Enquirer: 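Mind looking over this structure? Questions follow.
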Amino acid sequence: MKTVRVAVVGAGVVGFSTAICIAEALPICSVTLLAEKFSPDTTSDVAAGMVLAEVFPDIPLERQRRWFKNGFDHLLDIAQSEHAPEAGVMLSSGCQIFKEVPAEMKPFWSDTVIGFRNMTDRELKRFPNHKFGQAFTTLKCECSTYLPWLQKRFRKAGGRVEQRKVNSLHELSNNFDIIVNCTGVGSRTLVGDNQVHPIRGQVLKMEAPWLKHFIRDGDGMSYIYPGIHSVTVGGTRQVGDSRLQADEGDSKSILERCSKLEPSLRRAKVLHKPVGLRPGRRSPRVEKELVELKGRQVPVVHNYGHGGWGVSFAWGTALDALGLVRQCLHEMPLQAKL
Ligand SMILES: Cc1cc2nc3c(=O)[nH]c(=O)nc-3n(C[C@H](O)[C@H](O)[C@H](O)COP(=O)(O)OP(=O)(O)OC[C@H]3O[C@@H](n4cnc5c(N)ncnc54)[C@H](O)[C@@H]3O)c2cc1C
Ligand SMILES: O=C([O-])CC(=O)C(=O)O
């Protein structure tokens with residue numbers, strides 16, 4: 001019987017992943033996902049969707065390794081199943097190249113991706129300004145396809161969806177027993193977390209079906225990611241900038257930088273110029289707290305602040321958030337569960 005009412009706020013890749021993990025694992029919970037914006041209007045829709053990562057300074061490396069591996073294995077299962085085209089998840093091979101040899105020559109995720117190795121001098125000849133490179137196969141998860149697929153899976157698990165802006169957690173206290181906050185950059189206002197800030201990212205969706213291998217500059221400023229319907233070419237990282245419209249200067253600079261790595265892009269057509277606001281934070285916040293709402297102590301589980309790596313870590317942090325919801329259930333007074 002469903003007796004514990006859970007609200008998940010946020011319909012990006014983190015919100016839907018978390019809502020599904022709870023709805024599928026905890027039949028005692030009725031899960032409602034509330035959000036102001038849904039696909040195709042979330043930051044997640046703009047993500048290139050490459051499963052890669054950088055280190056978050058405040059999270060133990062073991063925990064990040066687990067987040068990454070859980071996310072990778074979950075998406076790999078989809079990529080290797082009949083659902084791959086409907087879910088928008090594919091394997092993607094290519095390289096990450098560096099102008100200087102990086103301090104971390106073997107990133108923490110190198111054993112999780114497939115076939116990780118250093119590039120040979122012969123392979124690097126193509127990139128005369130780069131001294132070092134890593135070749136591997138990872139995954140690309142296209143959220144504008146993946147989010148609607150997740151929404152179907154959530155509904156199949158009995159989840160309900162409601163479009164609405166939540167101005168304050170107080171609005172939810174009468175109708176829900178547990179609140180799960182997956183609002184990305186919205187957490188700055190919703191829960192007053194000043195650590196969260198927008199990091200503007202613009203990309204170009206280009207028509208270049210001849211490109212099959214990804215190239216990423218290790219400085220994170222230039223990347224070329226072939227996808228199912230187009231190639232995502234980026235990018236920008238403008239801290240504190242909330243402009244959602246495309247900037248012509250940025251488009252020009254992206255094209256200039258990326259054409260140096262892949263000259264054939266000069267012959268490719270630009271289809272769209274999407275912009276998204278990454279939920280910047282030193283490290284993601286995946287933890288629970290009790291919040292007093294209208295005189296009642298309500299458990300709130302936070303899962304936000306994934307910066308430029310929310311697609312890679314969504315399923316991994318969703319599983320941690322599920323564990324926190326389980327803890328909330330154990331700590332709840334018995335009558336709430338009857
Ligand atoms: C250009 C670009 C490229 C990227 N490439 C990659 C990549 O290759 N790999 C990768 O892993 N990541 C990438 N990212 C990062 C990734 O997009 C984010 O980390 C991820 O989308 C964050 O997901 P989220 O669900 O937390 O937030 P969002 O997708 O922003 O979703 C937040 C949700 O919360 C809702 N919300 C907020 N406030 C409220 C409120 N008060 N009431 C109701 N609803 C609210 C919103 O409406 C929305 O539904 C990229 C980002 C950008 C911009
Ligand atoms: O940096 C990348 O390769 C893609 C990404 O995650 C971003 O732009 O946030």
Side-chain angles (χ1 to χ4, degrees), residues 7-19 33-54 67-68 71-72 75 92 94 96 138-144 146-147 150-151 161-169 171-172 179-191 196 198-205 214-225 227 232-238 241 244 250 254 273-281 284-286 302-318:
V8 175
V9 190
V13 68
V14 175
F16 266 116
S17 303
T18 308
L33 183 143
L34 309 120
E36 183 182 11
K37 290 185 181 162
F38 283 78
S39 182
D41 299 321
T42 70
T43 297
S44 301
D45 286 279
V46 178
M50 291 298 286
V51 179
L52 285 171
E54 277 158 341
W67 285 350
F68 188 87
F72 191 91
L75 291 170
S92 178
Q96 173 160 240
T138 185
L139 292 146
K140 186 171 191 297
C141 169
E142 311 211 322
C143 282
S144 49
Y146 183 58
L147 288 176
L150 286 182
Q151 180 158 340
V161 164
E162 201 180 312
Q163 180 156 23
R164 115 178 202 212
K165 178 165 186 176
V166 179
N167 294 299
S168 153
L169 294 184
E171 290 172 17
L172 305 177
I179 299 171
V180 184
N181 170 29
C182 305
T183 54
V185 81
S187 288
R188 190 175 174 92
T189 43
L190 186 62
V191 298
V196 195
I199 304 177
R200 181 179 180 276
Q202 180 174 323
V203 290
L204 306 175
K205 296 282 179 188
F214 74 79
I215 304 171
R216 177 180 202 265
D217 191 312
D219 67 9
M221 288 310 295
S222 306
Y223 47 77
I224 301 156
Y225 292 140
T232 305
V233 179
T236 70
R237 287 176 196 275
Q238 292 135 317
D241 186 342
L244 277 172
D250 288 339
I254 291 169
K273 300 166 186 169
V275 177
L277 305 180
R278 301 176 186 90
R281 201 173 187 274
R285 182 177 183 203
V286 187
H302 297 285
N303 186 8
Y304 65 85
H306 298 60
W309 304 111
V311 182
S312 308
F313 286 118
W315 200 261
T317 63

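Values below: all heavy atoms of this structure, side chains included; hydrogens, waters and symmetry mates excluded. We count ligands from 1, going down the list as the structure has it; atoms in each ligand are counted the same way. Owing to the predicted nature of the structure, the values given are computational and were not obtained by experimental measurement. For this chain, numbers begin at 1 and follow the sequence in order.
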Enquirer: What I want to check is whether the side chains of Thr18 and Asn303 have a donor and an acceptor closer together than 3.5 Å.
Expert: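 Checked: Thr18/Asn303 side chains pair up, N/O donor to acceptor below 3.5 Å.
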Enquirer: Would you indicate whether the side-chain heavy atoms of Thr232 and Met50 approach each other to under 4.5 Å?
Expert: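 Side chain of Met50 against side chain of Thr232, heavy atoms only: no contact under 4.5 Å found.
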Enquirer: If we only count N/O pairs under 3.5 Å, is Ser312 in contact with ligand 1?
Expert: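 Yes.
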Enquirer: Quick one: list whatever passes side-chain contact (heavy atoms from CB on, under 4.5 Å) with Val51, sequence neighbours left out.
Expert: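 Only Phe68, Phe72, Leu75, Thr138, Leu139, Ser312 meet the side-chain contact (heavy atoms from CB on, under 4.5 Å) criterion with Val51.
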Enquirer: I need the nearest protein heavy-atom contact for atom 51 (C) of ligand 1: residue, atom name and distance, please.
Expert: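 Sorting protein heavy atoms by distance from atom 51 (C) of ligand 1 puts Arg278 CG, 3.6 Å first.
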Enquirer: Which heavy atom of the protein is the closest neighbour of atom 14 (N) of ligand 1, given with residue, atom name and distance?
Expert: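 Ranked first by proximity to atom 14 (N) of ligand 1 is Gly308 O, 3.5 Å.
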Enquirer: Where does Cys182 meet ligand 1, judged by heavy-atom distances below 4.0 Å: at the side chain, the backbone, both, or neither?
Expert: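 For Cys182, only backbone atoms sit under 4.0 Å from ligand 1.
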Enquirer: Tell me, which protein residue and heavy-atom name are nearest atom 41 (N) of ligand 1, and how many Å apart are they?
Expert: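 So the nearest neighbour among protein heavy atoms is Val166 O, 2.8 Å.
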Enquirer: I'd like to check the side-chain contact (heavy atoms from CB on, under 4.5 Å) partners of Ala11; sequence neighbours left out, ordered by chain and number.
Expert: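 For Ala11, the residues satisfying side-chain contact (heavy atoms from CB on, under 4.5 Å) (neighbours in sequence not counted) are Phe16, Leu33, Ala35, Phe38.
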Enquirer: Just to confirm my output: which protein heavy-atom neighbour is closest to atom 22 (C) of ligand 1, and how far is it?
Expert: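 Looking only at protein heavy atoms, the one closest to atom 22 (C) of ligand 1 is Pro279 CG, 3.9 Å.
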Enquirer: Return yes or no for this condition: an N or O of Phe38 is under 3.5 Å from an N or O of ligand 1.
Expert: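 Phe38 vs ligand 1: no N/O contact under 3.5 Å.
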Enquirer: Considering only heavy atoms, which of Asp41, Thr183, Val311 lies nearest to atom 39 (C) of ligand 1?
Expert: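 Looking at heavy atoms only, Thr183 sits closest to atom 39 (C) of ligand 1.
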Enquirer: Heavy atoms only: give me the nearest Val196-Tyr304 pair and the separation to one decimal.
Expert: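 For Val196 versus Tyr304, the nearest heavy atoms are CG2-CE1, 3.5 Å.
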Enquirer: How far is atom 26 (O) of ligand 1 from its nearest protein heavy atom, and which residue and atom name does that atom have?
Expert: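 Checked against all protein heavy atoms, atom 26 (O) of ligand 1 sits closest to Val14 CG2, 3.4 Å.
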Enquirer: For atom 18 (C) of ligand 1, tell me which residue out of Gly49, Gly307, Ala47 has the closest non-hydrogen atom.
Expert: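 It is Gly307 whose heavy atom sits nearest to atom 18 (C) of ligand 1.
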Enquirer: If you take all heavy atoms of Pro284 and Trp67, which pair is closest and at what distance?
Expert: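 Minimum heavy-atom separation between Pro284 and Trp67: CG-CZ3, 4.0 Å.
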Enquirer: List, ordered by chain and residue number, the protein residues whose closest non-hydrogen atom lies under 4.0 Å from any atom of ligand 2.
Expert: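 Residue list for ligand 2: Arg216, Tyr223, Tyr225, Arg237, Arg278, Gly308, Trp309.
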Enquirer: How far is atom 35 (C) of ligand 1 from its nearest protein heavy atom, and which residue and atom is that?
Expert: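 The closest one turns out to be Gly10 CA, 3.9 Å.
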Enquirer: Can you confirm whether Leu244 sits close enough to Leu277 that some side-chain heavy atom of one is under 4.5 Å from a side-chain heavy atom of the other?
Expert: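 Yes; the side chains approach each other to less than 4.5 Å.
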Enquirer: When the side chains of residues 215-222 are checked against the rest of the protein, which donor-acceptor pairs come out under 3.5 Å, sequence neighbours left out?
Expert:
unit_1	atom_1	unit_2	atom_2	d
Arg216	NE	Tyr225	OH	3.3
Arg216	NH1	Gln96	OE1	2.7
Asp217	OD1	Asp219	N	3.0
Asp217	OD2	Lys99	NZ	2.8
Asp217	OD2	His130	NE2	2.8
Asp219	OD1	Met221	N	2.8
Asp219	OD2	Lys99	NZ	3.2

Enquirer: Can you report which non-hydrogen protein atom sits closest to atom 44 (N) of ligand 1, along with the distance?
Expert: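 Ranked first by proximity to atom 44 (N) of ligand 1 is Glu36 N, 3.0 Å.
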Enquirer: Shortest non-hydrogen contact from Ser17 to Ala314?
Expert: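 Smallest heavy-atom distance, with atoms named: OG-CB, 3.7 Å.
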Enquirer: Closer than 4.0 Å to some heavy atom of Arg164 - which atoms of ligand 1 meet that?
Expert: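 Ligand 1 atoms under the 4.0 Å threshold to Arg164: 43 (C).
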Enquirer: Atom 9 (N) of ligand 1: which protein heavy atom is closest, and how many Å away?
Expert: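 Among all protein heavy atoms, the one nearest atom 9 (N) of ligand 1 is Met50 O, 2.8 Å.
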Enquirer: Nearest non-hydrogen atom to atom 46 (C) of ligand 1 belongs to which of Glu162, Lys37, Arg200?
Expert: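 Checking each option, the heavy atom nearest atom 46 (C) of ligand 1 is found in Lys37.
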Enquirer: Do Thr43 side-chain atoms and Gly276 backbone N/O form a donor-acceptor pair below 3.5 Å?
Expert: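 Between the backbone of Gly276 and the side chain of Thr43 there is no qualifying donor-acceptor contact (under 3.5 Å).
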Enquirer: Cut-off 3.5 Å, side chains only: do His306 and Thr317 have a donor facing an acceptor?
Expert: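 A donor-acceptor contact under 3.5 Å links the two side chains.
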Enquirer: Relative to ligand 1, is Phe214 under 4.0 angstrom through side chain, backbone, both or neither, heavy atoms considered?
Expert: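 Near ligand 1, Phe214 shows nothing, with every heavy atom at 4.0 Å or more.
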Enquirer: Just heavy atoms, cut-off under 4.0 Å: does Leu52 contact ligand 1 by side chain, backbone, both, or neither?
Expert: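 Neither part.
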Enquirer: Using heavy-atom distances, let me know which of Gly184, Gly280, Ser44 sits nearest atom 28 (P) of ligand 1.
Expert: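 The option holding the nearest heavy atom is Ser44.
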Enquirer: Provide the closest heavy-atom pair for Cys182 versus Gly15 in the form atom of the first, atom of the second, distance.
Expert: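 The answer is CB-CA, 3.6 Å.
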